[in-house]
Amino acid sequence: MRDTFQIFAAYLLTLSLCVTSLCGPAQASEGEIEKPPAASNGSASGSWNPPRPSASSERIDERKAMVDRQIAYPLYGRDPVTDAKVLEAMATVPRHVFVPPDRRATAYSDSPLPIGHGQTISQPYIVAYMTELLALEPGDKVLEVGTGSGYQAAVLAQLTSEVYTIEIIEPLAERAAATLAAQGYESIKTKRADGYFGWKEHAPFDAIIVTAAAGHVPPPLWSQLRPGGRMAIPVGGTYEVQRLLMLAKTKEGERESRSVMAVRFVPLTRE
Ligand code: SAH
C-alpha cells in the first residue's frame, strides 16, 4: 500500500515538473516573457469597410482553425491575441496565395515558411501579435519594412486603408505587388527600396512595422514616426536572440521602449 502511494506521489511530481518546465513551447523563440498591451481597436468611425480579397472564400475552415488554435486560444506558452479586428483580419486574408505553390498545402501551419531568396513569411501568430501591438485605427497611415510575400501588408490593409510597404529584393517586391493586386488590395502602395530609409514622401506614419531584424532602430524610421505613433521592430543580430521592441513616440517626441518577446527574424539587409 505504502509502495503504491510512493509510486503515485512520484508520478504526480513528474507530471507537475513536466507541466511547469520541461514541456513548454518547443520553439523558445516565440511567445515568452512579458504581456502585450491590451490593444483596443474600437474605432468610432463606422464608415470604412475592410477589403474582401478574392481568394477569401477558399480554405475558410483552415483559417478559422489557425485563428482559434494558434492565435486566439493558444494552448500554452503564448499570450492570446484578443483584438477582434486583428482576429477577423487573420481569418480573412488567404495566406495560401502568398506562399509559393509548393508550400500551399501547409500555408496554415503554425510555422514560418520559405518564400524564396532566403526569406520567410512569418508564423501566423507573430503576424497577428505584431499587428495587435500597432493598435491601428481605420485611416491610420502605416509603413511596413520588409514586404516579403505581401501577407503582413494584406493583414494591415484589413485594418486601415493607408498601407505602405517596402521590399529590398526586386523579385519579391514584384511578386508581392502582383499577389496583392490579384487579391484586390489596390490601396496598398508598394516599392522596391532599402527600407532603412523609410518612405519620406509619405511620412509621417502613425505606425511602422519592421519585419526583418535590425541591429538598431534606423534613425530615418524613427524620425518618420508621428508624435503619438507606434513602432514594432525586432532588434538583434542574426545569430543572437532578437528582441521584439515596441516603441512609442510621445507627443513631445520622446522615445518609450518596451521589449515584448524573444523572436527570430531574417536580417534587415542594406544596399
Ligand atoms: N512581412 C513579410 C515577411 C518578411 S521576411 C511577409 O508577410 O511575407 C523579411 C523581408 O524583409 C524579406 O523579404 C527581406 O528581403 C526584406 N528586407 C530585408 N532588409 C530589407 C530592407 N533594408 N528594406 C526592405 N526590405 C528588407
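For this chain, numbers begin at 1 and follow the sequence in order. As the structure lists them, so they are numbered: ligands from 1, and atoms in each ligand from 1. Bear in mind that the values here come from a model prediction, so they are computed numbers and not experimental data.
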May I have a table of the N/O to N/O pairs between ligand 1 and the protein that fall below 3.5 Å, each row giving the two atom names and the distance to 0.1 Å?
| unit_1 | atom_1 | unit_2 | atom_2 | d |
| --- | --- | --- | --- | --- |
| ligand 1 | 1 (N) | E144 | OE2 | 2.9 |
| ligand 1 | 1 (N) | G146 | O | 3.0 |
| ligand 1 | 1 (N) | T211 | OG1 | 3.1 |
| ligand 1 | 7 (O) | Q152 | N | 3.0 |
| ligand 1 | 8 (O) | S149 | N | 3.0 |
| ligand 1 | 8 (O) | S149 | OG | 2.6 |
| ligand 1 | 13 (O) | E167 | OE1 | 2.7 |
| ligand 1 | 13 (O) | E167 | OE2 | 3.3 |
| ligand 1 | 15 (O) | E167 | OE2 | 2.6 |
| ligand 1 | 19 (N) | T269 | N | 2.9 |
| ligand 1 | 19 (N) | T269 | OG1 | 3.3 |
| ligand 1 | 22 (N) | D194 | OD1 | 2.8 |
| ligand 1 | 22 (N) | T269 | O | 2.6 |
| ligand 1 | 23 (N) | G195 | N | 2.7 |
| ligand 1 | 25 (N) | I168 | N | 3.2 |

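- By the side-chain contact (heavy atoms from CB on, under 4.5 Å) test, Y73 is found to be paired with D68, residues two or more places apart in sequence or in another chain being considered.
- For the ring-ring contact (aromatic ring centres under 6.0 Å, His included) test, residues two or more places apart in sequence or in another chain that qualify with H202 are Y164, W199.
- Judged by the 6.0 Å distance and 45° axis criteria, R226 is not positioned over the aromatic ring of F205.
- A donor-acceptor contact closer than 3.5 angstrom links the side chains of E144 and T165.
- Paired with H96 under the rule side chain to side chain donor-acceptor pair (under 3.5 Å), one option of E58, R59, E62 passes, and it is E58.
- Residues satisfying the ring-ring contact (aromatic ring centres under 6.0 Å, His included) criterion with Y185, sequence neighbours excluded, are absent altogether.
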